[in-house]
Amino acid sequence: MKTDWKPGTLIYPLPAVMISCGSTEDEYNILTVSWVGTICTDPAMCYISVRPRRYSYPIIKKNMEFVINLTNKDMAFATDWCGVRSGKDYNKFKEMNLTPGKASIVMAPIIEEAPVSIECKVKEIIALGTHDMFIADVVNVKADDKYIDPETGAFDMEKANLLAYSHGKYYELGKFVGKFGWSVQKKNK
């Protein structure tokens with residue numbers, strides 16, 4: 001038997017990411033979000049949804065770019081802290097001992113400690129209700145070499161120990177179960 005609940009956002013788990021924004025050091029800020037996702041492969045596009053009252057919102061809207069920084073277990077405290085503190089009151093990079101790095105294409109900084117940083121340019125902003133959605137082109141991805149498998153060149157998700165968010169709680173991702181298509185893959189005899 002299943003119980004009916006009021007409509008809500010129970011699509012979990014989600015990535016717990018840190019969005020870095022700003023075009024100059026005095027404007028740099030970090031915003032933690034989980035309303036983030038892929039919306040297209042070719043061209044590569046993604047989105048973040050941000051409440052207009054958040055300190056980072058006008059920074060992103062003015063510059064029309066941001067960086068999605070994936071987080072891992074080592075970054076869990078900073079990820080949460082940057083989500084509950086306002087950039088108007090704190091320099092989040094300094095407070096959390098995070099390093100703003102130079103992105104390759106956008107002016108917004110990457111977070112050097114992040115295993116992956118996804119540089120994004122905003123194409124469109126859609127007002128939805130409590131949040132506005134920033135639809136963006138992915139213009140570059142920076143991945144930490146220590147998480148790249150030297151034999152395959154693939155990003156090692158298990159080694160990166162990525163962080164996920166589920167209904168108010170943070171989790172490390174679990175163990176590898178299978179790859180795409182494994183359920184129909186022909187078995188070697």
Side-chain angles (χ1 to χ4, degrees), residues 2-24 27-72 75-76 78-93 96 98 100 103 105-111 114-142 157 162-173:
K2 290 190 177 185
T3 301
D4 288 330
W5 287 357
K6 68 176 185 167
T9 54
L10 288 174
I11 303 170
Y12 290 113
L14 300 163
V17 301
M18 298 170 85
I19 306 300
S20 49
C21 60
S23 60
T24 59
E27 186 181 57
Y28 288 174
N29 194 43
I30 301 169
L31 169 72
T32 300
V33 302
S34 282
W35 304 152
V36 57
T38 300
I39 54 177
C40 189
T41 303
D42 188 11
M45 293 176 66
C46 60
Y47 78 92
I48 60 171
S49 290
V50 180
R51 291 179 187 266
R53 70 174 187 238
R54 296 295 294 263
Y55 180 76
S56 295
Y57 181 95
I59 297 170
I60 296 169
K61 190 171 183 179
K62 177 185 82 145
N63 294 308
M64 296 297 279
E65 60 183 35
F66 56 87
V67 178
I68 299 171
N69 299 277
L70 300 187
T71 61
N72 59 20
M75 299 175 73
T79 301
D80 183 64
W81 194 92
C82 288
V84 297
R85 299 285 187 222
S86 175
K88 74 177 189 253
D89 300 321
Y90 297 95
N91 178 323
K92 295 180 184 182
F93 278 100
M96 290 293 102
L98 296 170
I105 296 179
V106 300
M107 295 297 295
I110 65 166
I111 298 174
V116 174
S117 299
I118 305 164
E119 300 177 41
C120 301
K121 287 191 176 256
V122 177
K123 281 184 74 141
E124 185 178 354
I125 303 169
I126 301 173
L128 299 172
T130 58
H131 292 69
D132 286 1
M133 180 185 287
F134 290 83
I135 295 174
D137 287 321
V138 173
V139 295
N140 191 52
V141 176
K142 287 179 134 3
M157 296 286 190
L162 296 177
L163 198 62
Y165 176 84
S166 184
H167 208 61
K169 298 175 183 168
Y170 300 97
Y171 297 91
E172 38 185 319
L173 292 181

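Fair warning: this is a prediction, and the values are worked out from it, not measured in the lab. Position 1 is the first residue of the sequence, and the numbers go up from there.
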Donor-acceptor contacts, no H, no angles, side chain residues 38-48, under 3.5 Å, sequence neighbours left out:
none

**Prompt:** Do you know the tightest heavy-atom contact between Ala103 and Ala108?
**Reply:** CB-O, 3.4 Å

**Asked** How many angstroms lie between CD in Glu65 and CG in Asp137, if you round to the nearest 0.5 Å?
**Response** 12.5 Å

**Asked** When rounded to the nearest 0.5 angstrom, what distance separates OG in Ser56 from CD in Glu27?
**Response** 9.5 Å

**Request:** State which residues pass side-chain hydrogen bond (donor to acceptor under 3.5 Å, both in side chains) with Asp80; sequence neighbours excluded, sorted by chain then number.
**Result:** Tyr170

**Request:** Would you confirm whether Thr32, through its side chain, and Met18, through its main-chain N or O, come within 3.5 Å as a donor-acceptor pair?
**Result:** no

**Message:** Does atom CE (Met107) have a neighbourhood of more than 12 heavy atoms from anything else shown, all under 6.0 Å?
**Reply:** no

**Message:** With rounding to the nearest 0.5 angstrom, report the OH to CD1 distance, Tyr28 to Ile59.
**Reply:** 12.0 Å

**Request:** Calculate, to the nearest 0.5 Å, the distance between atoms CG and SG belonging to Leu98 and Cys82 respectively.
**Result:** 6.0 Å

Show me, pair by pair, the donor-acceptor contacts under 3.5 angstrom made by side chains of residues 117-134, not counting sequence neighbours?
residue, atom, partner, partner atom, Å
Ser117, OG, Asn69, OD1, 2.7
Glu119, OE1, Ser104, N, 3.3
Glu119, OE1, Ile105, N, 2.6
Glu119, OE1, Val106, N, 3.1
Glu119, OE2, Ser104, N, 2.9
Glu119, OE2, Asn140, ND2, 2.8
His131, NE2, Trp35, NE1, 3.3
Asp132, OD2, Tyr57, OH, 2.5

**Message:** Looking at every non-hydrogen atom in both residues, tell me the closest pair between Lys62 and Ser23 and how far apart they are.
**Reply:** NZ-OG, 4.5 Å

**Asked** Below 4.5 Å, heavy atoms only, C-beta onward: do Met157 and Leu173 meet side chain to side chain?
**Response** no

**Asked** Rounded to the nearest 0.5 Å, what separation is found between the CE atom of Met75 and the CG atom of Leu162?
**Response** 10.5 Å

**Prompt:** Are any non-hydrogen side-chain atoms of Leu14 and Val36 less than 4.5 angstrom apart?
**Reply:** no

**Complete:** Correct closest heavy-atom pair for Asn63 and Gly22 would be ND2-CA, 3.8 Å

**Message:** Would you say that Val50 contacts Ile19 through its side chain, given a criterion of any heavy-atom pair below 4.5 Å between the two side chains?
**Reply:** no

**Message:** Please find the pair of heavy atoms, one from Ala76 and one from Leu163, that lie closest to each other, and give the distance.
**Reply:** CA-CD2, 3.7 Å

**Complete:** Correct closest heavy-atom pair for Ser166 and Tyr171 would be CB-CE1, 3.7 Å

**Asked** Measuring from Ile135:CD1 to Ser49:OG, what's the distance to the nearest 0.5 Å?
**Response** 8.5 Å

**Prompt:** Just wondering, do Val17 and Tyr165 contact through their side chains at under 4.5 Å, heavy atoms?
**Reply:** no

**Request:** Return the minimal non-hydrogen interatomic distance between Pro115 and Leu70, and the atom names on each side.
**Result:** CD-O, 3.1 Å

**Met96, Lys92, Arg85 screened by side chain to side chain contact (heavy atoms under 4.5 Å, CB included) with Ile30, the one that passes** = Lys92

